[in-house]
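Structure below; questions to follow.
Computed from heavy atoms alone, side chains included, the values below leave out hydrogens, waters and symmetry copies. Lettering of chains follows the sequences in order, A, B, ..., and the numbering in each one begins at 1.
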Protein chains: 2
Amino acid sequence: MIDKLEFLLALAREKHFGRAADACGVTQPTLSAGVKHLEEQMGVLLVKRGSRFQGFTPEGDRVLEWARRIVGDSRAMREDISALRHGLSGRLRIAAIPTALAMVATITTPYRDKHPNVQFTIYSRTSLEILELLENLEIDAGITYIGNEPIGRVSIVPLYQEHYRLVTSADAPLGDRESVTWAEVSQVPLCLLTPDMQNRRIINRLLKSAGGESRPTLESDSMILLFSHVRTGRWASVMPEKIAQTLGLTEPIRAIPILQPDAVQTIGLVVPQREPMTPTTAALVNEARRIAPSL
Amino acid sequence: MIDKLEFLLALAREKHFGRAADACGVTQPTLSAGVKHLEEQMGVLLVKRGSRFQGFTPEGDRVLEWARRIVGDSRAMREDISALRHGLSGRLRIAAIPTALAMVATITTPYRDKHPNVQFTIYSRTSLEILELLENLEIDAGITYIGNEPIGRVSIVPLYQEHYRLVTSADAPLGDRESVTWAEVSQVPLCLLTPDMQNRRIINRLLKSAGGESRPTLESDSMILLFSHVRTGRWASVMPEKIAQTLGLTEPIRAIPILQPDAVQTIGLVVPQREPMTPTTAALVNEARRIAPSL
DNA sequence: CGAAATTAATAGCCTTTATCTATCGCGGGA
DNA sequence: TCCCGCGATAGATAAAGGCTATTAATTTCG
């Protein structure tokens, strides 16, 4: 029964019977039969079928919600019992927005000291993808923007505020300033994240409201790429204070506060709302609460 | 998988492999195998076994908690989907303490007007039994004392206050009074509920703290039995105001307020804490909220 | 417009799992 | 000590679940 619900979850993720079957480690006919079996049990079609997958019926969507919960709880149960016996162990899957990646180590490091048998998998994803991954039980926790739109069934631990800095060489234009304005920044060619990232959209918005335009000379979805360009001293970027600090910029690179406005975004840890949480996730939340004040 | 968890729930209820198997509609070896299979999956013994059932291991208790949730959710899912298609239908299982039985009709009647396809099963149970039944998913809602001890994972809707009255014939001792005290009541031979009922224990406590003693001439676990005795005019009882009103006492029987103290107990609807609730239960909660002010 | 490719359903077969009946063996209580 | 109740075990059988191969229905593309 629970396996069938997992089939349905995979189908929702992949929107394709064949790929969903692969993801579940079964063949396509098996997954088809599983879904059909669910439909018989419920007495109602769950999937809109033409000759290909066309989404779920309203009933299907509802079953999907329940499936997320039931499958999530059944995994949580296993982990819970395993933790009772062997202490915390297993794999903690976390996804973070690129600008938060550098601070993940401040959580994982003390966590690992306390629970050495837990392994980590950490993905770099956009904020939207993170919510989707959480929804689909593909990750255990996300680190992303919070406080904007209300986000599904999750618990939230605020971590820190994102203040922005112009990162540039001391001998470049504006390089000698103690602070700059968004209007001034908008005149500089920048290296920025790609527009599918919320960070880029936030920066775009800030530049625009300062009367400027974002004219990035270089875009990437990788902070490491941006950072390595900036380090040459020949490129400039706008980065959150936190990541600029963490990555350790050295002379002649400077990270200059951008004021007017000193825009802030709150970054936080989000985990599935489940009572009780899985032990590994609960420990992560504790760790986040513990270190949040020092960030 | 879910079936196996149901086995475990049945075993917790029945504390006996054979009876649990019966309750699940399978044979004893099937249930044994199911439990053993769970134990293999979890990698840990769940049931303490001698030559007979000896309770659960700590891990077993934990699995049991998860099982309650998972099984509950899976039933809720089915009901939810069925309600999407056919409107509210199915059977709503309610248990109420005896003194609240008479007021159940004030909820069920308007409920039935709105949702004629829902059938009711209503049990008369002690307050302790009600909590246990809720816990084990054997009822969908309970009507019982609230606000005393914190009670498990349930949502609560307060319904009304229980004020006590001396129910007696006008020509009996105290029968002509406008109000009486608990001290006075303690002198009268009474028909009361049996001591396993919380109502009786409450009354005992009140009588005792007024310096008296409860000396019931007649005990029963049935309000109907008490009521029919009182109606003869030859017996007296202490009953909640609500039930005395509802059952319609006629001359020469009087229901005299008992003061000093005018003790109150709050009665409420309790339902499993589940988000979202099953549709039938959600409707019941709505109904309870609606009528509570008028009680 | 027709051939090829894609996608999900179906058919037929086999393996695994689930369940039943019958029986055994351990303990507790008379 | 002797039952008797209880749960585990054995063996047989039914049911479910899964796989490969194929079909049917669209879609895509030449």
Does the protein touch nucleotides 3-17 of chain D at the base, only the backbone, or not at all? Give it as B, S and - per nucleotide, heavy atoms under 4.0 Å.
---SBBB-------S

State, yes or no, whether a side-chain contact exists between B/Val154 and B/Val271 at a heavy-atom distance under 4.5 Å.
no

Using the rule given for side-chain hydrogen bond (donor to acceptor under 3.5 Å, both in side chains), can you reason through A/Thr121 versus A/Arg93, listing the C-alpha separation, both sets of side-chain angles and the distance that settles it, and then say yes or no?
CA-CA 5 Å; A/Thr121 301; A/Arg93 301 160 303 166; over 6 Å; no

Nearest atoms (heavy-atom pairs only) where A/Ile130 meets A/Ile97:
CD1-N, 3.6 Å

Those residues at least two apart in sequence (or on a different chain) that pass salt bridge (Lys or Arg N to Asp or Glu O under 4.0 Å) with A/Arg49 are A/Glu39

Any pair with a residue in residues 120-134 of chain B that passes salt bridge (Lys or Arg N to Asp or Glu O under 4.0 Å), sequence neighbours left out, goes on the list, sorted by first then second residue, please.
none

Return one dot-bracket line describing DNA chain C 5' to 3' (Watson-Crick or G-U wobble pairs, both distances under 3.5 Å; ( ) same strand, [ ] crossing, | another strand, . none).
||||||||||||||||||||||||||||||

With a cut-off of 3.5 Å and sequence neighbours excluded, list every side-chain donor-acceptor pair involving residues 219-226 of chain A.
| unit_1 | atom_1 | unit_2 | atom_2 | d |
| --- | --- | --- | --- | --- |
| A/Glu219 | OE2 | A/Arg200 | NH1 | 2.8 |
| A/Glu219 | OE2 | A/Arg200 | NH2 | 3.1 |
| A/Ser220 | OG | A/Ser222 | N | 2.9 |
| A/Ser222 | OG | A/Ile224 | N | 3.2 |
| A/Ser222 | OG | A/Leu225 | N | 3.1 |

Atom NZ of residue position A/Lys4 - does it have more than 12 heavy atoms of other residues, nucleotides or ligands inside 6.0 Å?
yes

Rounding to a whole Å, what distance do you find between B/Gln41:CD and C/dT17:C1'?
12 Å

Hey, does the side chain of A/Thr27 come within less than 4.0 Å of D/dG18's phosphate (OP1/OP2), counting only N and O?
no

Can you tell me which residue pairs pass the ring pair (Phe, Tyr, Trp, His ring centres under 6.0 Å) test with a partner in residues 33-58 of chain B, sequence neighbours excluded?
B/Phe53-B/Phe56

